[in-house]
Amino acid sequence: MPPAVPTNLNSWFLVGLVFPMVASHYMISWSANHQYLVSVLLIVETGVMNVRKIKNTIQRLRSKVCILQL
């Protein structure tokens, strides 16, 4: 997974801000039928990214402990 640079975060914020507006104004039936699914997928994605972040942090800490023990 590539690192999240500020450009990526800005584009994610923009899409996250604009897409719900467009979906609710122009695709009313679609947003009414799929709103729950979209929210669940966003929550799952956040959980997966947090697990990856925790895993990387644990690996970094283990490598530092190994260096300190030498």
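Phe19 and Leu37 are members of different hydrophobic clusters when ILVMFWY side chains are connected at heavy-atom separations under 4.5 Å. Tyr26 and Leu14 fall within a single hydrophobic cluster, where Ile, Leu, Val, Met, Phe, Trp and Tyr side chains are chained together by heavy-atom contacts under 4.5 Å. No continuous path of hydrophobic side-chain contacts links Val51 to Ile43 [ILVMFWY only; heavy atoms under 4.5 Å].
Rounding to the nearest 0.5 Å places NE2 of His34 at 10.5 Å from CG of Leu41. Taken from CD1 in Ile54 to CE in Met49, the straight-line distance is 12.5 Å, to the nearest 0.5 Å.
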Q | Asn56 vs Gln59, side chain to side chain contact (heavy atoms under 4.5 Å, CB included): CA-CA, chis, key distance, verdict | A | CA-CA 5 Å; Asn56 290 340; Gln59 288 176 348; 3.9 Å; yes
